[in-house]
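Worksheet for the structure shown next.
Predicted model only: the values in this text are computed from it and were never measured. In what follows, every heavy atom counts, from backbone to side chain, and hydrogens, waters and symmetry copies are set aside. Just so it is clear: chains get the letters A, B, ... in the order the sequence lines come, proteins before strands, and each one is counted from 1.
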Amino acid sequence: MSGQRSVKIKPNYEVIAWKWMRYTAIALIPLAWFHMILQDVLVGVHRIDLNYVQVRWAFWGWRVYDFFLLAFAFAHGVNGLRQVLMDYIHSEKARIWVSWGLLVFWLVISLIGAFAIIGGVRMPSS
Amino acid sequence: MLVTVKILRYNPEKDAQPSYQTFQVEAEETDRVLDLLEKIKGEQDGSLSFRRSCGHGICGSDAMRINGMNRLACKTLVRDVGDQITVEPLLGLPKIKDLIVDMKPFFDHYRRVMPYFISDLPVPEDGRERLQSPEERLRFDDTTKCILCACCTTSCPSFWANDQYYGPAAIVNAHRFIFDSRDTATAERLQILAEEMGVWRCRTAFNCTEACPREIQITKAIAEVKQAILSGKV
Ligand code: FES
């Protein structure tokens, strides 16, 4: 548009979080759909066991795929939960506590997932 | 025709809870809901309380919930809503009496966005007006129409959930100055609206756009402000 002006705005946490939600949503459309079709329809949930995971993770491409899925889907979901909670929590202090709590929750679960993906499957020796 | 008007009444000195009272009024279908309220107050119950001033959809003082929708009583005709009419105060603001709500939280949010012209540029040489092209003026034409009736903000589910959200009306009035080529406080206003309780609370429910008696494209205006924050361009 003609006569557009530029303004300097310091990006704050909310702006970054908002952008994150949009970008991850785009990434999640192929990631989550393909994951669902493969695991739930083609393979079937009842056939997913340690063996299957070992075969799947033998190929590093699947580990990258699962890593992206974990990083995007879980952070997207937790931030979505934070947004909903912010609507209903009226005390600013409580909002800060809940945000930090969710961050810790997200970090712990993500780390457990990341360890599993990086460490891979070790079959019990019996 | 005989019209049944059911009004949510509340007298803070007597009632613990608001409750409905029903009135029968003889009316023309071209009468406005405001006329019905005046009739009830004048002929049946003088204690009925509501705000009004201009009676012509300009002052914004008689916004209320009519058959579940936020409207101006002076712009709503009986033929638009039928002969069974329910009138309630606006949601999301503290009730003072009957149809009167406390507008202070609403105007506090309005003040927060600095809804006035700010320019640190010197006065033009001829000492007269700061010129603007018709296209530049058109950019914010829609949001100049706001009459601060609060129909939009009090129809917003995000505002109902958390009244710390600045709300559509404050954003509309910020939009009016953010996109004004003569104003120089654009960055400050965008920074205020980029905060936690600013534009990000908007979930594009579109209730505000439907409620606006001035037919302002409010959700679009909010989206334009979001876009300006993200792109740094107005
Ligand atoms: S009385 Fe002024 S807008 Fe309705």
What is the minimum heavy-atom distance between Ser158(B) and Asp87(A), and which atoms define it?
OG-OD2, 4.5 Å
More than 12 heavy atoms of other residues, nucleotides or ligands under 6.0 Å from CZ of Phe107(B): is that the case?
yes
Determine the minimum heavy-atom distance between Ile89(A) and Asn162(B), stating which atoms define it.
O-ND2, 3.6 Å
Verify the neighbour count for atom NZ of Lys97(B): are there more than 12 heavy atoms of other residues, nucleotides or ligands below 6.0 Å?
yes
Could you tell me which portion of Glu196(B) (side chain, backbone, both or neither) has an atom closer than 4.5 angstrom to a non-hydrogen atom of chain A?
both
So Gln191(B) and Lys10(A), do their side chains get closer than 4.5 Å, heavy atoms only?
yes
Nearest heavy-atom neighbours spanning Met197(B) and Met86(A)
CE-O, 4.1 Å
Under 4.5 Å from any heavy atom of chain A, what part of Phe159(B) do you find: side chain, backbone, both or neither?
neither
Is Leu193(B) in contact with chain A via its backbone, its side chain, both, or neither, using a 4.5 Å heavy-atom distance?
neither
Can you tell me how far apart CZ (Arg201(B)) and CD (Glu14(A)) are? Round to the nearest 0.5 Å.
6.5 Å
Atom of Ile178(B), atom of Arg5(A) and distance for their closest heavy-atom approach:
O-NH2, 2.8 Å
Give a yes or no on whether Tyr88(A) atom OH has more than 12 heavy-atom contacts from other residues, nucleotides or ligands under 6.0 Å away.
no
In the structure I gave you, are the side-chain heavy atoms of Val15(A) and Trp200(B) within less than 4.5 Å of one another anywhere?
yes
Of all of Glu92(A), Lys8(A), Lys19(A), which one pairs up most often with chain B through heavy atoms under 4.5 Å apart?
Lys19(A)
Do Leu230(B) and Trp18(A) have side chains that get closer than 4.5 Å, going by heavy atoms?
yes
Could you give the distance from CD1 (Ile9(A)) to CZ (Arg189(B)), rounded to the nearest 0.5 Å?
13.0 Å
Just do the side chain to side chain contact (heavy atoms under 4.5 Å, CB included) check on His90(A) and Gln164(B) with the steps written out, would you?
CA-CA 8 Å; His90(A) 293 186; Gln164(B) 292 163 39; 3.6 Å; yes
Does Phe117(B) CZ have over 12 foreign heavy atoms under 6.0 Å away?
yes
Tyr52(A) atom OH, over 12 foreign heavy atoms within 6.0 Å
yes
If you draw a 6.0 Å radius around CH2 in Trp97(A), do more than 12 non-hydrogen atoms from other residues or ligands fall strictly inside?
no
